[in-house]
Amino acid sequence: MSAALVGLVAAPAVADVEGKVKMQSSRIAAVVEGSAGWVQISWQADRAEVTDFRVTATAKTAGVGVAYPTNTGTYTSLMDDATLSDGEIDFTSLYITAPYDVGNVLLKLSATWVEDGKSKAKDYTVTVPIAKYNGDDLAQATVDAGAVSVSAPAWLGVEWTGLAPTLDDIKMTVSEPEGAAISYPTPPGSYTSLHYNDTLTSGETDVARFRIDASGMAPGAYTIDLLLAYTKGTESKSVTGQVTFTVTG
C-alpha cells in the first residue's frame, strides 16, 4: 500500500494547533508478532479544506519499527492525494514491524497540514493490536535425503519449511552412522545452516546440507537422527527429526 506522491515543498512555520482534522480509525488491523505488515489509519476533515497533509509516527513500545511508503519516505500522506475536502475520509498507511512477545503497540501520530492558509499540527494516539502466533514453528519437508556411493562421498540435503513468522540462527546437526563420516560446511564446520541464509520466514523452504563419507558402510537403506536448533525472538529452541538415505555399491 502506498500513499499519493506529495511535492517536496517547504512547509510554512506552524501557526497554531488543533485544526479541524479527526482521526476516524477506532480499530486498526492486527500485526502478527515476529512479523511486519501495513496498517491503515483513516482521517476526516471537519468543516475545513485541508492540504499538504502529512503524518509521522513514533512507537511508544520498545523494539517496534515504523516505516513509511517509499514515495513519501520520511512520512506518510493520504491514499488519493495530500488533500482532504470538507467531510472527506481518506487514509494513511504505516508499515509496522513487531517483535515476538510484545503486547499491543501504542503509536504517537504527529499530523501537520495547511488549513485556511495556516499551518496546523496535532498529535494523536492509536493502538495497533499484536496477534500471538500459535502453531508449529517449522516443518521438515524432506524424508529421503537421497543416495551416496561407498566409493565417493556426497552432499545430502534436508529441506525445512518455516511456519512461524521468523526463525533465526538455524543450525542443523546429524547423527553419524557407524562406518560413516559426517562433515559440514566450513567455517565453522561443526554444523550446517541453510543454503540462502540462517533464517526461515513463514512459508519459506530452504535446504540444509551435510557431507557423508559412506566408505565404511554396507549398501542399503539407513535412517539418521536430526537436530535443528534456532532462535525465535529471544528464545532458543530446537526440534528433532529423522531422514533416510541409501548407500549404493
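We count residues from 1, following the sequence as given.
Hydrophobic clustering, defined by side-chain heavy atoms of Ile, Leu, Val, Met, Phe, Trp and Tyr closer than 4.5 Å, groups Y133 together with V32, L163. Hydrophobic cluster membership of L227, counting Ile, Leu, Val, Met, Phe, Trp and Tyr whose side-chain heavy atoms lie under 4.5 Å apart directly or via other members: none, as it forms a cluster of its own.
Here the CG atom belonging to L94 is positioned 11.5 Å from the CZ atom belonging to F91, to the nearest 0.5 angstrom. A distance of 9.0 Å separates OG1 in T240 from CD in Q140, rounded to the nearest 0.5 Å. Between the CG atom in N197 and the CD1 atom in I170 there is a gap of 8.0 Å [rounded to 0.5 Å]. In this structure, CZ on F53 lies 12.0 Å from OH on Y75, to the nearest 0.5 angstrom. Interatomic distance, I212 CD1 to S183 OG, rounded to the nearest 0.5 Å: 9.5 Å. With rounding to the nearest 0.5 Å, the separation of CG in D81 from CE in M79 is 11.0 Å.
Annotation for T173 and S190: closest pair CG2-O, 3.6 Å, computed over non-hydrogen atoms. Shown here for A141 and T161, the closest heavy-atom pair between the two residues is CB-OG1, 3.8 Å. Scanning both residues, M217 and P177, for their nearest heavy atoms gives CE-CB, 3.8 Å. V31 and A98 make their closest contact through CG1-CB, 4.3 Å (heavy atoms, listed as atom of the first residue, atom of the second, distance). The heavy-atom pair separating G146 from D144 by the smallest distance is N-OD1, 3.0 Å. When all heavy atoms of S149 and G249 are compared, the pair lying nearest together is OG-O, 3.8 Å.
Formation of a donor-acceptor pair under 3.5 Å by the Y68 side chain with backbone atoms of A57 is found in this model. A donor-acceptor pair under 3.5 Å links the side-chain atoms of T76 to the main chain of S93, judged by distance alone. S175 places a side-chain N or O within donor-acceptor distance of the main-chain N or O of D225, the cut-off being under 3.5 Å. The backbone N or O of S77 lies less than 3.5 Å from no partner atom in the side chain of T72, so there is not a single donor-acceptor pair. The backbone N or O of V143 lies less than 3.5 Å from a partner atom in the side chain of T244, making a donor-acceptor pair. Between the side chain of T142 and the backbone N or O of E159 there is at least one donor-acceptor pair closer than 3.5 Å. A donor-acceptor contact shorter than 3.5 Å links the side chain of E176 to the backbone of I182.
Of the residues listed (D137, T199, D169), the one engaging Y230 in a side chain to side chain donor-acceptor pair (under 3.5 Å) is D137, and it is the only one.
The pair K171-D198 fails the salt-bridge criterion, with no side-chain N (NZ, NE, NH1 or NH2) lying under 4.0 Å from an Asp/Glu carboxylate O.
Taking the side chain to side chain contact (heavy atoms under 4.5 Å, CB included) definition, one finds that Q24 meets it with K22, S42, Q44, I89, sequence neighbours left out. In this structure E204 satisfies the side chain to side chain donor-acceptor pair (under 3.5 Å) test together with T201, sequence neighbours excluded.
Counting only residues at least two apart or in different chains, side-chain hydrogen bond (donor to acceptor under 3.5 Å, both in side chains) contacts with residues 213-223 comprise D213-S215. The salt bridge (charged side-chain N to carboxylate O under 4.0 Å, His left out) contacts involving residues 90-102 comprise D101-K132, where partners must be two or more places apart or lie in separate chains.
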Trace of the side-chain contact (heavy atoms from CB on, under 4.5 Å) decision for I41 with M23: CA-CA 7 Å; I41 300 167; M23 185 179 68; 3.8 Å; yes
Stepwise, does the side-chain contact (heavy atoms from CB on, under 4.5 Å) test hold for T125 with L109? CA-CA 6 Å; T125 57; L109 306 177; over 6 Å; no
For the pair V150 and T248, evaluate side-chain contact (heavy atoms from CB on, under 4.5 Å) and give the outcome as yes or no after the intermediate values. CA-CA 6 Å; V150 294; T248 63; over 6 Å; no
Does M172 form a side-chain contact (heavy atoms from CB on, under 4.5 Å) with F210? I'd like the steps, not just the answer. CA-CA 9 Å; M172 188 183 79; F210 59 95; 4.0 Å; yes
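Side-chain heavy atoms closer than 4.5 Å link hydrophobic residues (I, L, V, M, F, W, Y) into clusters, and following such links, even through other members, never connects I224 to Y191. If you chain together hydrophobic residues whose side chains sit under 4.5 Å apart, F245 and V207 never meet in one group.
With 3.5 Å as the limit, one finds no donor-acceptor pair spanning the side chains of N104 and T127. A donor and an acceptor atom, one from each side chain of W43 and T92, are located under 3.5 Å apart. No side-chain donor-acceptor contact under 3.5 Å links T231 and D168. No hydrogens or angles considered: a donor-acceptor pair under 3.5 Å links the side chains of E115 and W113.
At most 12 non-hydrogen atoms from other residues, nucleotides or ligands lie less than 6.0 angstrom from NZ of K108.
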